[in-house]
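Numbers here simply count residues along the sequence, with the first being 1.
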Amino acid sequence: MRILYTPVGDTDPIRGCYDGGMLHIVRHYNPDMAILVLSKDMEQKEAANHRFTKALKHVKADLDIKLIHTGLEDVHRIDILQPFVDYFYETLSTYPDAEILINLSSGTPQMKLIMSYLSVEHDAVRGIQVDSPQRGSNRSEPAVNDNEDIDIIIENNFDDQDDSENRCHEPQMGYIKRNNIKQSLHTLITSYKYKEAISSYHSYKRTFESEVVNDVLPLLEHAQLRLGLNYDDALQKARKVGPTSLSSLFTDKELRKLHEFLMLMEVRLKQGQIEDFVLKTTPFMYELMRYYFTKELDVNWRQVEKKTSKGVRLDMVAFKNQYPKLYESWQENSDTPYLQELQVSFYHMLHMIEDYDTVDSSLLKHLKEIRRIERKIRNKIAHEVVVFTEQDICSAAEIQSLQFFLHQIKDVFFIIARQEKQNKLIYDTINKYVLDQIQ
């Protein structure tokens with residue numbers, strides 16, 4: 001199905017005995033439907049003598065014509081013309097498989113500008129410009145007056161002759177499309193929205209095939225998979241960004257999983273997804289502490305945990321027998337030292353090492369501060385059913401910023417991992433390279 005989407009201006013339907021843009025496109029492109037978006041002035045002209053529908057039906061009798069009455073008056077103001085955009089997207093939604101023709105030659109200059117931008121946003125849309133018979137402005141030719149007989153005007157139309165010239169052409173709007181696609185890609189990539197960036201990059205490839213760099217798409221796919229914590233699948237897409245390896249710093253699978261999750265937390269914070277970042281801190285610190293207990297304190301969780309009707313619980317009798325010093329520290333610092341079973345948490349594990357003499361004092365200090373901040377943030381969120389800003393959360397937790405909180409968590413992670421702290425996010429390395437390739 002082919003649909004003409006067109007504004008209507010005072011050169012329509014006929015001016016100076018020649019087709020206006022709308023009529024000429026119908027004559028030479030033979031659409032099945034024409035959707036006419038009318039300002040208040042054009043509504044009145046159509047009501048007076050049906051000039052637009054009569055002329056269109058004369059050229060194509062079976063044309064399905066839909067009139068959209070916007071009631072707009074100050075059509076020289078571009079901010080007034082939002083309905084022209086809204087009805088266009090409504091047309092795309094209603095007829096998703098149709099080929100859309102957009103008239104670039106009718107209406108006010110502001111309408112033409114909007115139509116030009118709409119014509120480059122979608123691959124299934126074709127922008128069509130109609131030259132005047134003079135190959136320049138035809139403003140010297142008078143528009144059709146309301147008191148003129150439209151039937152006579154149609155009858156005297158030179159474009160109705162068999163040997164009339166086709167004045168339609170489809171301008172190459174690449175310079176607009178180029179800027180739109182690149183701006184969209186830049187925004188999506190710097191926002192870490194890789195799924196949408198991949199879709200936009202496919203459009204980029206179709207438009208600028210000669211400029212496509214082969215490794216850009218695999219890198220975007222790598223980033224999308226990796227941000228979804230599919231590390232192994234991500235490496236199947238790309239293993240290097242330029243000369244830099246994309247492989248994790250960590251050969252230990254548990255540490256690698258923790259680091260990938262930590263990077264995801266950092267991305268969420270950069271995206272402004274504050275609540276998601278906050279919610280991820282608790283499970284991250286829990287898993288990091290379990291790893292620390294396993295690797296540094298030789299705790300075998302399987303020996304001291306058991307399945308119960310309420311889920312997996314720490315058997316405190318077994319834990320006391322196996323790890324008496326950790327148990328004593330927990331008992332000394334816990335508010336519930338009498339419990340026989342424990343749903344272990346970051347909070348409990350912190351109690352277990354608080355009086356443990358081999359734990360690094362600097363690490364313990366960091367962990368206590370993280371616990372303090374986490375507790376205040378969780379209390380703030382738990383007791384108030386409102387949307388929180390970063391300022392609200394930081395004020396409640398008495399910290400400078402959530403970025404500061406993230407850096408504290410990263411400090412602890414790299415201390416436990418026994419690695420020099422890495423502040424460069426792998427996604428930022430990918431983003432910089434990709435953006436350099438699509439300039």
Test of ring centre spacing under 6.0 Å for [X] and [Y]:
| X | Y | result |
| --- | --- | --- |
| Phe250 | Phe413 | yes |
| Tyr286 | Phe346 | no |
| Trp330 | Phe319 | no |

Any salt bridge between [X] and [Y], counting N to O under 4.0 Å?
| X | Y | answer |
| --- | --- | --- |
| Lys325 | Asp355 | no |
| Arg290 | Glu254 | no |
| Lys280 | Asp276 | yes |
| Arg27 | Asp159 | no |
| Lys424 | Asp428 | no |
| Glu341 | Lys310 | no |
| Lys368 | Glu354 | yes |

Crowding at [atom1], [X] (>12 non-hydrogen neighbours, <6.0 Å):
| X | atom1 | answer |
| --- | --- | --- |
| Lys240 | NZ | no |
| Gln273 | CD | yes |
| Lys193 | NZ | no |

Give a yes-or-no answer on whether the side chains of [X] and [Y] include a donor-acceptor pair shorter than 3.5 Å.
| X | Y | value |
| --- | --- | --- |
| Asp232 | Gln236 | no |
| Asn103 | Ser106 | yes |
| Asp335 | Tyr347 | yes |
| Asn321 | Tyr327 | no |
| His351 | Asn333 | no |

Aromatic ring pairing Tyr194/Tyr192, orientation class (parallel under 30°, perpendicular over 60°, tilted between):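 Answer is perpendicular, since the angle exceeds 60°.
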
